[in-house]
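Note sheet for the following structure.
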Amino acid sequence: FVLKKPYVPFQTLALTLYIVPDPSRCSYPRTEPPPGAGAYVLEKWTPGEDLLLKSSPVFTGDGSRPSCVEFIIVENDVSRVLHLMRGEADYAMNAVPPDYIDYLKKKGLKVIESKGLTYSYIGLNLKHPVLRDVRVRKAMAFAINRAAIVKNLLRGYATLARSVFPSFHPAFAPDAVNYPYNPTRASQLLDEAGYKKKGRFRFVIEYKTSLNRLRLRIARVIAQNLENVGIGVSVRSYEWGTLFSDIIKGRFDMYSMDWVGLVEPDLLYYLFHSSSKPPAGANRVGYSNPLVDNLLEEARFTLDPFKRIKLYRRVQEILSRELPYISLWHWKNVLVLNPRVKGAKIHPAGDYMNFQGVILEDVQ
């Protein structure tokens, strides 16, 4: 490959994409799914219902894998748990709410846990007349009792985050500012910003989240934390399509969401470079800092991996002081299995990269 200019993430982004046929050599519309180059090929796909993969006849890897794999779409949490208990599903990666995990262990299902890369955060609209003040954003960070949420709502299946990358990631920034629960400091910052408490609330903002039961519970607890320091919060929940549309269009005060599979640190360019505002990227909060832009651009052509990591760490240190995001936690990966499933391992990104070695004990 010959590139027009140096682009170090090419190795970890472009060269890890999956191989499919050249579109110019395929007839459209296709009458069958396109073949791939991995252990499985797509046999059938019914959007919103299921997806069937069959073992590839030309793949030369480990031959112990199942001959076919069916993914079923079950949106309701309780229904998903029942599928596992009844043996109608064998393998659920990060698909069981924390409240049900210990219960499934008692029912004889196997549970594997590992550190995870999924990052949960609150995005703040930096164009909002109140939220554009960094003292307000810092006050909000101090006001949220993240440790209590992880303990009581997430049942310990997450670790507190101080930035985008967890402590075991090479780009982890140990010097990023942490915001432990401190409602007294939060109130002081709000007073300093000119929002002294005269009535019930200093000001009111809207918090958008999804209809997911756990996400809604988390949002309500966070709203209560903020109300305890005088910030009124109106929680609004939407189905996913509506929520995501509002976020990418900037129609929000604050929202909570996750980023998954955070392996390549160049993701920070996509999230926070000033040129990455939608539709060009995912800088949905409207963050802009020329120094951060320069650091992210330099990291893209810095070949020395250690110098490159230092650049990303510096970016995260700046972000932790300016708070376009309030970091919440990194989810642990939790894989729930039927006991007949053997050889299952968890990839840190929580995807299915390690699925190839899985076998079913009673299936030849």
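- Between W240 and F244, the two ring planes are parallel [angle under 30°; tilted spans 30° to 60°].
- Using a 4.5 Å cut-off on side-chain heavy atoms (C-beta onward), R314 and L291 make contact.
- Rounding to the nearest 0.5 Å gives a distance of 4.5 Å between OH of Y91 and CG of L335.
- The backbone N or O of P183 sits less than 3.5 Å from a side-chain atom of S187, completing a donor-acceptor pair.
- Rounding to the nearest 0.5 angstrom, the gap separating the CG atom in D90 from the NZ atom in K110 is 11.0 Å.
- Using modelled atom types, one finds a donor on one side chain and an acceptor on the other under 3.5 Å when comparing S274 with D293.
- Other residues, nucleotides and ligands contribute more than 12 heavy atoms inside 6.0 Å of the NZ atom of K105.
- Counting non-hydrogen atoms of neighbouring residues, nucleotides and ligands closer than 6.0 angstrom, the NZ atom of K342 exceeds 12 such neighbours.
- In terms of modelled atom types and a separation under 3.5 Å, the side chain of K249 and the main chain of P278 share no donor-acceptor contact.
- With hydrogens and angles ignored, the 3.5 Å screen pairs a side-chain donor or acceptor of H169 with a backbone N or O of V263.
- Here the OG1 atom belonging to T118 is positioned 9.5 Å from the NE2 atom belonging to H330, to the nearest 0.5 angstrom.
- In this structure, the side chain of R308 engages the main chain of A299 through a donor-acceptor pair within 3.5 Å.
- Counted within 6.0 Å of NZ on K345, heavy atoms from surrounding residues, nucleotides or ligands total 12 or fewer; the atom is thus considered open.
- In this structure, H128 and F252 have side chains that are not in contact, with every pair of non-hydrogen atoms separated by 4.5 Å or more.
- Heavy atoms of other residues, nucleotides or ligands lying less than 6.0 angstrom from NZ of K277 number more than 12.
- The backbone N or O of A161 sits less than 3.5 Å from a side-chain atom of R146, completing a donor-acceptor pair.
- Looking only at side-chain heavy atoms (C-beta outward), L303 and V8 come within less than 4.5 Å of each other.
- A 4.5 Å side-chain heavy-atom check between L124 and M140 finds at least one atom pair inside the cut-off.
- When each of W329, Y119, Y121, W331 is paired with D258, the side chain to side chain donor-acceptor pair (under 3.5 Å) condition holds for W331 and for no other.
- Within the 3.5 Å criterion, the main-chain N or O of F142 finds no donor-acceptor partner in the side chain of N182.
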### Query
Checking salt bridge (charged side-chain N to carboxylate O under 4.0 Å, His left out) for the pair K208/D246: CA distance, chi angles, key distance, verdict?
CA-CA 9 Å; K208 291 190 174 184; D246 281 356; 2.9 Å; yes

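- Heavy-atom contacts from other residues, nucleotides or ligands closer than 6.0 Å to CZ of R200 number 12 or fewer.
- Between atom OH of residue Y103 and atom CG of residue L109 there is a gap of 10.5 Å, rounded to the nearest 0.5 Å.
- L82 places none of its side-chain heavy atoms less than 4.5 Å from the side chain of E88.
- Residue pairs meeting the ring-ring contact (aromatic ring centres under 6.0 Å, His included) criterion with at least one member in residues 219-239: none, sequence neighbours excluded.
- Looking only at side-chain heavy atoms (C-beta outward), Y157 and E113 come within less than 4.5 Å of each other.
- Annotation: side chain to side chain donor-acceptor pair (under 3.5 Å) contacts of E75 (sequence neighbours excluded): none.
- Side-chain atoms of Y325 and W259 include a donor-acceptor pair closer than 3.5 Å.
- A distance-only check finds no donor-acceptor pair linking the side chain of D50 to the backbone of F71 [under 3.5 Å].
- Between the side chain of R313 and the backbone N or O of P174 there is no donor-acceptor pair closer than 3.5 Å.
- N228 and Q224 are linked by a side-chain donor-acceptor pair at a separation below 3.5 angstrom, with hydrogens and angles left out of the test.
- Contact of the F203 side chain with the V136 side chain is registered, since non-hydrogen atoms from C-beta on lie closer than 4.5 Å.
- Among residue pairs with one or both ends in residues 165-188, those qualifying as salt bridge (charged side-chain N to carboxylate O under 4.0 Å, His left out) are R185-E192; sequence neighbours excluded.
- Under 3.5 Å, the side chains of Y179 and S320 contain no donor-acceptor pair of N or O atoms.
- At least one donor-acceptor pair under 3.5 Å links the side chain of Q316 to the backbone N or O of A171.
- To the nearest 0.5 Å, the span separating CD1 on I231 from CG on L190 amounts to 4.5 Å.
- Within a 6.0 Å sphere centred on CZ of R300, other residues, nucleotides and ligands contribute more than 12 heavy atoms.
- Proximity of a side-chain donor or acceptor of K198 to a complementary backbone N or O of Y195 within less than 3.5 Å is not detected.
- One distance of note links CG of L214 with CG of D99; it measures 7.0 Å at 0.5 Å rounding.
- Side-chain contact between M254 and L226: present, with at least one pair of heavy atoms (C-beta onward) separated by less than 4.5 Å.
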